[in-house]
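Sequence lines set the chain letters: A, B, ... in the order given, protein chains first and strands last, and positions in each chain run from 1.
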Amino acid sequence: MSEEKSLNFIEEIIEEDLKSGKHSSITTRFPPEPNGYLHIGHAKSICLNFGLAKKYGGQTNLRFDDTNPTTEETEYVESIKDDIRWLGFAWSNELYASNYFEQLYGFAVTLIKKGLAYVDDSSSEEIAEQKGTPTVPGTRNRFADRTMEENLQLFADMRAGKFADGSKVLRARIDMASPNMLLRDPIIYRIKHAHHHRTGDNWCIYPMYDFAHGQSDAIEKITHSICTLEFIPHRDLYNWCIENLGIYPSRQYEFARLNLTYTIMSKRKLLQLVNEGHVNGWDDPRMSTISGMRRRGYTASAIREFCDRIGVAKRENLIDFSLLEFCVREDLNKIALRRMVVFDPLKVVITNYPEGEEWLASENNPEDPAAGHREIPFSRELYIEREDFMETPAKKYFRLAPGMMVRLKSAYIIKCEEVVKDVNGNITEVRCTYIPESKSGADTSGINVKGTLHWVSVAHAVTAEVRLYDRLFKVEDVANAEGDFKDHINEASLTVLPNAYAEPALLNDTADDRYQFIRKGYFSLDKDSTPGKLVFNRTVTLKDGWAKEVKKG
RNA sequence: UGCCCGAUAGUAUAAGGGUAGUACAACUGAUUUUGGUUCAGUAUGUCGUGGUUCGAAUCCAUGUCGGGCAACCA
């Protein structure tokens with residue numbers, strides 16, 4: 001059976017264009033503004049733009065849309081490049097809208113000469129007023145009557161720095177009565193005496209998005225300029241510029257941006273979280289930034305798979321976070337090394353086990369025999385998870401309880417004989433016996449137990465810091481929730497366990513490794529780790545059928 | 001009440017006039033030395049109303065609902 005995947009609407013357009021001969025190959029672009037870090041929403045756009053070019057044998061430019069020097073920085077340029085590379089994509093050309101400032105200036109002069117642009121001295125308030133409303137046409141002011149020569153001179157003077165910020169703008173002359181507000185003589189150049197991260201102080205006038213983006217596309221001969229829905233009304237202006245400038249006819253297509261439950265997808269809000277200290281930087285593992293997710297332990301292939309599964313369409317959407325979690329688990333399950341780590345220890349003493357130790361083999365990954373085995377020390381005193389013992393077991397609980405037997409992973413079956421408590425009645429120790437014939441891999445005991453626990457030998461345990469993350473927001477649809485988005489921050493999104501007990505094999509592992517702490521979740525080494533101190537981030541929990549059972553009651 | 005975009009299970013996304021399918025989520029069960037994985041199965045859907053047609057999610061009309069548009073942001 002063929003399992004050809006159906007095409008999304010953009011792929012359909014491209015295939016038609018290729019088939020009809022409109023284009024012989026395609027060129028796309030990813031056009032970030034370097035004013036913040038990339039997030040998972042950008043990943044969707046990156047996968048789309050680069051993925052299309054890859055699929056149809058075209059190319060993709062990385063173009064920084066750097067037309068607003070007051071918000072843009074080189075730091076962001078570097079992080080964006082890092083993130084795209086990490087996601088697994090290679091751009092054909094690294095470009096900047098600021099490369100085209102001279103050309104763009106020329107385009108503006110062309111418009112002036114054609115009588116299609118004029119310098120306006122009005123304040124932004126006046127311009128807004130004259131714009132009218134969606135139902136009331138706007139009006140032109142006296143500046144619109146300036147001669148071509150006057151406009152040319154004034155625009156040159158603007159460039160020469162003769163005017164203060166905000167004192168003049170260049171406007172395209174289109175239609176003050178257009179039902180599309182963007183066509184009511186839009187501002188295309190404004191004065192900003194600001195230092196630009198690439199052009200320095202060469203310019204004090206900068207083009208607006210609408211007078212830079214489409215032209216940049218045209219200059220680069222972008223065949224399919226793909227952007228998000230909010231740019232739909234801009235398309236008329238995009239085309240107007242192309243037609244009146246007579247430049248390469250790039251075409252704009254719009255798709256619905258990604259929204260994810262329990263997260264925000266706005267650079268402005270993300271920046272706020274960073275600046276106000278709600279998180280520890282752009283790469284905080286709780287952030288929906290690419291760098292945050294990377295630090296958290298997400299793999300690039302999981303993110304690509306996610307972007308593939310969510311599809312591309314024009315309707316607004318809010319994707320279940322669980323789909324992202326599914327994609328990471330699916331990937332990590334295949335590659336993560338299994339290790340045993342106890343988060344909240346309860347001591348188990350095996351009363352019939354001799355002094356000393358033995359080393360037991362345990363598979364690194366049951367899904368991948370090629371991953372091999374490691375040796376784990378076993379001894380008389382162990383730690384198990386406190387939640388894996390119940391003095392009076394709940395129904396369907398098949399972990400350790402008085403008189404009950406469980407398997408210790410890769411080791412023996414033990415039976416709980418006695419519970420030791422302190423003066424306050426807190427359980428301090430559980431005393432068990434083990435069944436020597438039940439050794440893992442050589443079990444002749446004939447005993448079947450339902451539960452298998454992870455454990456660590458007390459004498460051999462190494463301590464590690466473990467950071468557990470929960471969702472950053474408490475509501476599903478953060479962007480549309482009542483009140484300020486910060487009202488919905490989950491104060492318990494980070495739990496630090498300073499002293500978890502880990503099997504010693506973890507000491508030898510390296511930063512690139514992914515782990516599954518058995519029965520606990522997927523983890524990866526954090527950059528805060530030092531030779532003397534291991535720090536792990538929980539990428540995602542394991543699916544927890546027991547927790548579900550407990551919740552049902 | 002101007003213009004533009006959209007509407008298919010809980011969430012996404014297919015079906016392009018001919019059996020409404022897939023994934024995630026949910027629920028059952030089997031397997032399991034991870035209550036993981038894997039496997040098998042169940043339930044839930046075409047926004048309303050007219051029309052065209054032998055036949056409509058699909059075409060037409062109309063209504064409803066949701067979103068966007070009046071930054072010297074992108």
(message) Identify the stems formed by RNA chain B, where each pair is Watson-Crick or G-U wobble with both distances under 3.5 angstrom and a stem is at least 3 consecutive pairs.
(response) B:2-7 with B:64-69, B:10-13 with B:21-24, B:26-30 with B:38-42, B:47-51 with B:59-63
(request) Quick one, give me the B/S/- string for nucleotides 35-45 of chain B, reading 5' to 3', where B means a protein heavy atom under 4.0 Å from the base and S means that only happens at the primed atoms, P, OP1 or OP2. (result) BBS--------
(message) Check this one for me: any side-chain N or O of A/Arg315 less than 4.0 Å away from OP1 or OP2 of B/U13?
(response) yes
(request) Could you tell me whether A/Lys548 contacts a base, only the sugar-phosphate backbone, or nothing, with contacts defined as non-hydrogen atoms closer than 4.0 Å? (result) sugar-phosphate
(request) In whole angstrom, give the distance that lies between atom CD of A/Glu11 and atom P of B/U13. (result) 14 Å
(request) Would you kindly compare A/Lys439 and A/His213 by the position of their nearest RNA chain B nucleotide and give the one closer to the 5′ end? (result) A/Lys439
(message) Applying side chain to side chain donor-acceptor pair (under 3.5 Å), can you list everything that pairs with A/Gln252, at least two apart in sequence or on another chain?
(response) A/Glu254
(message) If I pick the P atom on B/A12 and the same atom on B/G51, what distance separates them, to the nearest angstrom?
(response) 33 Å
(request) Rounded to whole angstrom, note down the P distance from B/U13 over to B/C73. (result) 33 Å
(request) May I ask you to decide whether A/Glu230 forms a salt bridge with A/Arg257, counting only side-chain N to carboxylate O separations under 4.0 Å? (result) yes
(message) If the condition is salt bridge (charged side-chain N to carboxylate O under 4.0 Å, His left out), which residues does A/Arg29 pass it with, not counting sequence neighbours?
(response) none
(message) Counting neighbours of NZ on A/Lys450 that are heavy atoms of other residues, nucleotides or ligands and sit closer than 6.0 Å, is the number greater than 12?
(response) no
(request) Using whole Å, report how far CZ of A/Arg309 lies from P of B/A12. (result) 16 Å
(request) Provide, to the nearest angstrom, the distance between the CG atom belonging to A/Asp210 and the P atom belonging to B/C73. (result) 12 Å
(message) Run the salt bridge (charged side-chain N to carboxylate O under 4.0 Å, His left out) test against A/Arg407 and tell me which residues pass, sequence neighbours left out.
(response) A/Asp443
(request) Can you sort out the partners of A/Asp120 under side chain to side chain donor-acceptor pair (under 3.5 Å), two or more places apart, ordered by chain and number? (result) A/Ser122, A/Asn141, A/Arg171
(message) One thing to verify: whether A/Arg63 and A/Glu220 come together as a salt bridge, which I'm taking to mean a side-chain N less than 4.0 angstrom from a carboxylate O.
(response) yes
Scan the side chains in residues 305-313 of chain A for donor-acceptor partners under 3.5 Å anywhere in the protein, sequence neighbours excluded, and list what turns up.
unit_1: A/Glu305; atom_1: OE2; unit_2: A/Arg309; atom_2: NE; d: 2.8

(request) Provide the distance between the two P atoms, one in B/U42 and one in B/G66, to the nearest whole Å. (result) 37 Å
(request) Decide whether a cation-pi geometry holds between A/Lys192 and A/Tyr206; the criteria are a distance under 6.0 Å from NZ or CZ to the six-membered ring centre and an angle within 45° of the ring axis. (result) no
(request) With A/Asn35 as reference, evaluate A/Lys267, A/Arg268, A/Glu73 under the side chain to side chain donor-acceptor pair (under 3.5 Å) test and give the passing residue. (result) A/Lys267
(request) Could you tell me the separation between the NE2 atom of A/His234 and the C1' atom of B/A74, rounded to a whole number of Å? (result) 8 Å
(request) Measure from CG on A/Asn448 to P on B/U31 and round the result to the nearest Å. (result) 11 Å
(request) For residues 154-185 of chain A, pull every pair meeting ring-ring contact (aromatic ring centres under 6.0 Å, His included), keeping only residues two or more places apart or in separate chains. (result) A/Tyr105-A/Phe155, A/Phe155-A/Tyr189
(message) For the P atoms, the ones on B/A15 and on B/A71, what distance do you get once it is rounded to whole angstrom?
(response) 39 Å
(message) Base of B/U33, side chain of A/Ser440 - is there a donor-acceptor contact under 3.5 Å?
(response) yes
(message) Regarding A/Glu385 and A/Arg399, does a basic nitrogen lie under 4.0 Å from an acidic carboxylate oxygen?
(response) no
(message) I'd like the P distance from B/U64 over to B/U11, given in whole Å.
(response) 23 Å
(request) Quickly work out the A/Gln252 CD to B/A74 C1' distance and round it to whole Å. (result) 12 Å
Nucleotides 17-19 of chain B: which of its N/O atoms have a protein N/O under 3.5 Å away?
none

(request) Would you mind telling me which of B/A12, B/C24, B/U33 lies closest to the side-chain atoms of A/Ile319? (result) B/A12
(message) Using whole Å, what does the distance between atom C1' of nucleotide B/A74 and atom OH of A/Tyr37 come to?
(response) 19 Å
(message) Students often get this wrong, so: under 4.0 angstrom with heavy atoms, is A/Lys334 touching a base, only sugar-phosphate, or nothing?
(response) nothing
(message) Using the C1' atom as the point on both nucleotides, what is the distance between B/A26 and B/G17, in whole Å?
(response) 35 Å
(message) What's the gap between B/U53 and B/G41 when it is taken at their P atoms, as a whole Å value?
(response) 43 Å
(message) For B/A74 and A/Thr67 - does any side-chain N or O of the residue sit under 4.0 Å from the phosphate oxygens OP1/OP2?
(response) yes
(request) Could you tell me whether A/Ser322 contacts a base, only the sugar-phosphate backbone, or nothing, with contacts defined as non-hydrogen atoms closer than 4.0 Å? (result) sugar-phosphate
Donor-acceptor pairs under 3.5 angstrom involving side-chain atoms of residues 544-553 of chain A: please list them, not counting sequence neighbours.
unit_1: A/Asp544; atom_1: OD1; unit_2: A/Trp546; atom_2: N; d: 3.1
unit_1: A/Asp544; atom_1: OD1; unit_2: A/Ala547; atom_2: N; d: 2.9
unit_1: A/Glu549; atom_1: OE2; unit_2: A/Lys396; atom_2: NZ; d: 2.8

(message) Just to be sure I understand the rule, does A/Ile310 reach a base, reach only the sugar-phosphate, or reach nothing, if contact means heavy atoms closer than 4.0 Å?
(response) sugar-phosphate
(request) Mind calculating the distance between CD1 (A/Ile447) and C1' (B/U33) to the nearest angstrom? (result) 14 Å
(message) Between A/Asp121 and A/Lys168 (salt bridge meaning N to carboxylate O under 4.0 Å), is one present in this structure?
(response) yes
(request) Identify whether NZ of Lys or CZ of Arg in A/Arg339 sits under 6.0 Å from the centre of the six-membered ring of A/Phe517 and within 45° of that ring's axis. (result) no
(message) What's the gap between B/A25 and B/C39 when it is taken at their P atoms, as a whole Å value?
(response) 13 Å
(message) My understanding is that only residues two or more places apart in sequence, or in another chain, count here; which of them pass side chain to side chain donor-acceptor pair (under 3.5 Å) with A/Thr70?
(response) A/Asn68
(request) Sugar-phosphate means primed atoms, P, OP1 and OP2; the rest is base. With that split, encode nucleotides 65-72 of chain B 5' to 3' as B, S or - using protein heavy atoms under 4.0 Å. (result) --S-SBSB
